[in-house]
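Comments concern the structure below.
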Protein chains: 2
Amino acid sequence: MDTKTICLAVLSRGAASGYEIKKMCEEGVFHHIHEVGFGSIYPALGKLLEDGLVTVTDTPQEGRPSKKVYRLTPAGRIALLDALSTPPGQDRVRSEFLVRMLFAELLGARTIEDFLDNRLQFLQQRIADMENCECGEMPTVGERFVHGFGLAIYQAMEAYLREHGHEVVGASLLSERAAAE
Amino acid sequence: MDTKTICLAVLSRGAASGYEIKKMCEEGVFHHIHEVGFGSIYPALGKLLEDGLVTVTDTPQEGRPSKKVYRLTPAGRIALLDALSTPPGQDRVRSEFLVRMLFAELLGARTIEDFLDNRLQFLQQRIADMENCECGEMPTVGERFVHGFGLAIYQAMEAYLREHGHEVVGASLLSERAAAE
DNA sequence: CAGATATATATTGATCCGATATATGATGAT
DNA sequence: ATCATCATATATCGGATCAATATATATCTG
């Protein structure tokens, strides 16, 4: 799934500028699913424009740089449906945190404990935020589904770290003692 | 976390060729954490060699291309520890499946149901594989921890899809009926 | 009033990824 | 017996992606 499809998908919810697309990917439901940076969005929008899948209206603003609002064309809507209809590829995960846990025995117990605590705190914060948000207000069933999915996963992660975190800290302690002898 | 660090990490478990590093990232515990392709591994090994963090022994074989076995140097081990000691960045997830669920209302109920069934089957297969594997045989605590973490997440995903999958299918059905009228 | 944050677009260099090329042994199917 | 496929093994290329940076200004905060 390339950035072009993501842009089409965001635009299917309504017209938006590149900056707004980025914001939605950072803050909204997309955050848990598929982040993209400016370096991908702007070139993607350019190509979509070339291919006639979106249009732009360049509205100059005083002071600020002119805002370029992109809109889906009928061809763009069809291209989006085509892309979404193909079977999804595998999920890709990349976790620096888990790589560190994997090699816990190479690190000090203090470091591991620190990483674990931070991660737990982060997860608890995110869970609280997601529980507090008025998900009943979400416009589509898809959004509520994905929101619930994300929440369930974060809760499972939090529970696992709470229940099993001590194992990796303990292992690191043992290997430290062994190294000291 | 770049490919260079991943290569160093794999090599810290023992000498290996580029091909073997790839295999470990595909099959082993790394699979759930951080996949890498040949297009990243070979250039990364070249740079590590330049920087004196690994050594190679080029052992020619009859028929097959000669096998290049890479080994960590003391400097390489230090570089690995340095990299692992820095605080981990955010996890990055990219799920084509969830993007499709997010826009379920644009797709047909049949398609959504198909995607859901496939994903459920995939998850159940993976859970079965992970439960059957003799994780007691895993050499390090880190590996067992990460294995257990992965399993817990997959189980949470499976449970959520089983309990809430019908919601997205239902929504798609309703929007189809509305479109037909 | 200074500094930080938010709005807004855009580029660049480094890295990453999927596809492809090359070469052969082993296994399995017809 | 022969054909196909898979596993071993290294490597590159073009396109995609990412983090950092540049530019410009309004608004909020202390």
Next item on the list: Show your reasoning for whether side-chain hydrogen bond (donor to acceptor under 3.5 Å, both in side chains) applies to B:Q155 and B:Q124.
Entry: CA-CA 8 Å; B:Q155 285 169 338; B:Q124 282 157 0; over 6 Å; no
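Atom CE in B:M24 sits roughly 17 Å away from atom P in D:dA7 (whole-Å rounding). In this structure, the CG atom of A:D2 is 15 Å from the C1' atom of D:dC18, given to the nearest Å. Straight-line distance from the CE atom of A:M1 to the P atom of C:dC16: 23 Å, rounded to whole Å. In this structure, CD1 of B:I21 is placed 15 Å from P of D:dT8, rounded to the nearest angstrom. The distance between atom OH of A:Y70 and atom C1' of C:dA8, rounded to the nearest whole Å, is 11 Å. Whole-Å rounding puts the A:E26 CD to D:dC18 P distance at 12 Å. The CG-P distance, from A:L49 to C:dA10, rounds to 11 Å in whole Å. A:Q90 places its CD atom 14 Å from the P atom of C:dC17, with the value rounded to the nearest Å.
Of the residues in residues 34-41 of chain B, those with a non-hydrogen atom less than 4.0 angstrom from any atom of DNA chain D are B:F38, B:G39.
Dashed line: the shortest gap from a side-chain N or O of A:R94 to OP1 or OP2 of D:dT17 is not under 4.0 Å. OP1 and OP2 of C:dA14 both lie 4.0 Å or more from every side-chain N or O belonging to B:K47. Within the structure, a side-chain polar atom (N or O) of B:Y42 is placed less than 4.0 Å from OP1 or OP2 of D:dT10. Between B:S17 and D:dT8 there is no side-chain polar atom (N or O) within less than 4.0 angstrom of OP1 or OP2. Dashed line: the shortest gap from a side-chain N or O of B:Y19 to OP1 or OP2 of D:dT8 is under 4.0 Å. Within the structure, a side-chain polar atom (N or O) of B:K23 is placed less than 4.0 Å from OP1 or OP2 of D:dT8. Contact annotation: B:K67 does not reach the phosphate of D:dT10 (side-chain N/O to OP1 or OP2, under 4.0 Å).
Outside the 6.0 Å centre-distance limit, the rings of A:F149 and B:H164 are not counted as a close aromatic pair.
The minimum heavy-atom distance linking B:I21 with B:A16 is given by the pair CG1-CB, 4.2 Å. Taking each heavy atom of B:S95 and B:L98 in turn, the nearest pair found is OG-N, 3.0 Å. Here the closest non-hydrogen pair linking B:H34 and B:M1 is NE2-O, 3.5 Å. When all heavy atoms of A:F30 and A:A9 are compared, the pair lying nearest together is CZ-CB, 4.4 Å. When all heavy atoms are compared, the tightest approach of A:T111 to B:S85 is CG2-O, 4.3 Å.
The end-to-end axis angle of the helix from C:dC1-D:dG30 to C:dT30-D:dA1, rounded to 10 degrees and based on five pairs per end, is 50°.
The side chain of B:R92 sits closest to D:dA19 out of C:dT7, D:dT10, D:dA19.
Between B:G18 and A:K4, the residue anchored closer to the 5' end of DNA chain D is B:G18, taking for each the nucleotide with the nearest heavy atom.
With hydrophobic clusters built from ILVMFWY side chains whose heavy atoms lie under 4.5 angstrom apart, A:F145 does not share a cluster with B:V93.
Of the charged side-chain nitrogens involved, at least one lies within less than 4.0 Å of a carboxylate oxygen, so that B:R119 and A:D91 count as a salt-bridged pair.
Residues satisfying the side chain to side chain donor-acceptor pair (under 3.5 Å) test with B:K22, not counting sequence neighbours, are B:E26.
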